[in-house]
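Here is the structure we will look at.
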Protein chains: 2
Amino acid sequence: MSGTREKIIELGENLIRTKGYNAFSYQDISTELGIKNAAVHYYFPSKENLGTSIVKTNIQRFEEMTENMKSLGFDEWQQLDAFVKIYVKSHREQKLCIVGSLGPDYNTLSETTRAELVRMTDIILNWLTGLLTSGKAKQVFSFGEEPRVKANRIITNLMASLLLSRIIEKFDFKAVYQSVTEELRS
Amino acid sequence: MSGTREKIIELGENLIRTKGYNAFSYQDISTELGIKNAAVHYYFPSKENLGTSIVKTNIQRFEEMTENMKSLGFDEWQQLDAFVKIYVKSHREQKLCIVGSLGPDYNTLSETTRAELVRMTDIILNWLTGLLTSGKAKQVFSFGEEPRVKANRIITNLMASLLLSRIIEKFDFKAVYQSVTEELRS
DNA sequence: TCATTTACTTACTTATTAGTAAGTATATTT
DNA sequence: AAATATACTTACTAATAAGTAAGTAAATGA
């Protein structure tokens with residue numbers, strides 16, 4: 001096993017998050033990996049297939065992370081910090097998140113890829129809502145709104161800040177994510 | 001004058017905001033307008049050219065709106081409401097905003113289109129920052145953060161909420177934009 | 001009225017795309 | 001040792017993309 005399949009998924013994800021789904025081609029991947037176009041089709045018969053696999057991999061990664069935090073007994077603040085760190089890392093790597101990259105192309109995606117994107121977005125929003133609900137109940141987080149609305153506002157802050165950082169060089173990404181968390185302190 | 005040029009710009013904008021920049025073609029436009037491919041190239045020699053014109057048109061529209069509000073003596077709340085309404089309209093039409101649509105494709109855009117997108121984003125962020133600064137000084141808006149950071153957080157809330165509304169059917173867009181404004185009440 | 005500009009069409013070209021069918025060398029299994 | 005599965009390559013196809021050169025019909029201007 002040379003791990004080509006995994007490399008294709010990783011490269012595909014990076015391409016989606018830097019150029020966008022409709023701007024990358026199988027050639028981009030095959031050239032980078034030093035293989036032929038058809039070799040990519042060997043693993044992923046169609047682009048829709050690859051797109052779906054990339055989203056599925058991301059879902060798995062997210063679920064492993066949250067389950068891991070749970071089993072390690074992370075408190076609400078630790079979990080929130082770990083979550084925010086995902087976006088801080090994306091920002092450092094000048095990448096958008098998967099949802100922010102594939103969302104604008106939603107209407108051009110296949111039904112199966114759409115379904116996975118919906119599932120991923122749901123999982124993230126539900127997880128964060130749960131975290132905020134629990135943190136509010138235990139009074140470790142302090143905020144006035146409904147947890148679901150607060151979750152929506154935090155995620156939109158993080159997602160679109162990655163986008164604006166790409167456009168506006170001096171966009172203060174740090175100020176945004178810091179105010180997101182500081183606001184929750186009581 | 002048949003207004004073909006204006007129709008192309010309008011259609012192009014709608015295509016960018018529904019399918020994304022790299023997913024639409026001159027064929028999409030020519031077919032819809034009942035003209036030939038080459039006719040679109042007659043007005044806009046290259047796609048980069050069209051993209052740039054679309055962003056420029058949006059900048060003009062935004063500046064006309066803000067100048068108009070100023071000359072009509074709109075107060076801070078009226079101006080904020082008018083601004084939020086742009087996104088409410090986009091939401092109703094199931095479209096993203098131009099920045100949210102072109103941002104993910106930023107790395108695939110030409111230098112000239114990028115420059116206009118940067119300019120547009122700057123203009124909007126500066127305008128909202130100014131509005132929040134003035135509203136805070138007059139104590140008609142109440143918020144703790146720096147106006148620039150608050151502006152960033154409001155815009156990211158609105159932009160990415162359009163995106164999430166596209167993915168998650170039952171995404172509560174209204175709850176987000178209402179909490180954005182209600183939060184500013186003292 | 002003649003010349004020119006405007007607003008296109010016709011008919012291409014070149015490049016790139018996703019995708020496929022058939023072949024091959026190397027491991028792995030029986 | 002023979003059969004088979006794995007991981008590809010070679011060599012394409014068909015579709016679509018952006019873009020162009022040359023032509024045309026109608027309106028406008030001198």
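Computed from a predicted model, the values in this text were never measured in an experiment. Lettering follows sequence order; numbering is per chain, from 1. Computation of the quantities below employed the complete heavy-atom set of this structure, encompassing side-chain atoms and omitting hydrogens, waters and symmetry-equivalent molecules.
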Parallel, tilted or perpendicular for W127(A) and F83(A), by the 30°/60° rule?
tilted
Cation-pi check, K150(B) to F141(B): give yes when NZ or CZ is under 6.0 Å from the six-membered ring centre and within 45° of the ring axis, no otherwise.
no
With a 4.0 Å cutoff (strictly under), does any side-chain N or O of S25(B) reach OP1 or OP2 of dT16(D)?
no
Whole-Å distance between dT9(D) C1' and Y43(A) OH?
13 Å
Length of the CZ-P vector between R5(B) and dA7(C), whole Å
10 Å
Separation of K47(A) atom NZ from dG19(C) atom P, in whole Å?
9 Å
To the nearest Å, give me how far apart OH (Y42(B)) and C1' (dA7(C)) are.
5 Å
OP1 or OP2 of dA18(C) sitting under 4.0 Å from any side-chain N/O of S46(A)?
no
What is the distance, rounded to the nearest whole Å, between atom CG of L33(A) and atom P of dA7(D)?
15 Å
Rounded to whole Å, NZ of K36(A) lies from P of dA25(C) at a distance of 16 Å
Can you say whether the rings of H41(A) and Y26(A) are parallel (under 30°), tilted (30 to 60°) or perpendicular (over 60°)?
tilted
Can you tell whether the side chains of K136(A) and E146(A) come within less than 4.0 Å, N to carboxylate O?
no
Hey, which of these two, G34(B) or N37(B), hits DNA chain C nearer its 5' end, going by closest nucleotide?
G34(B)
Taking only side-chain nitrogens and oxygens of T4(B), does any of them come within less than 4.0 Å of OP1 or OP2 of dA7(C)?
no
Under 4.0 angstrom, heavy atoms only, what part of the nucleic acid is F44(A) near: base, sugar-phosphate, or nothing?
nothing
Send over the distance from I35(A) CD1 to dA25(C) P, rounded to a whole Å.
19 Å
Here the distance between atom P of dT13(D) and atom NE2 of H41(A), to the nearest Å, is 16 Å
Y106(B) six-ring face occupied by K19(A) cation (under 6.0 Å, within 45°)
no
Which sits closer to the 5' end of DNA chain D, Y26(B) or A39(A), going by the nucleotide each is nearest to?
A39(A)
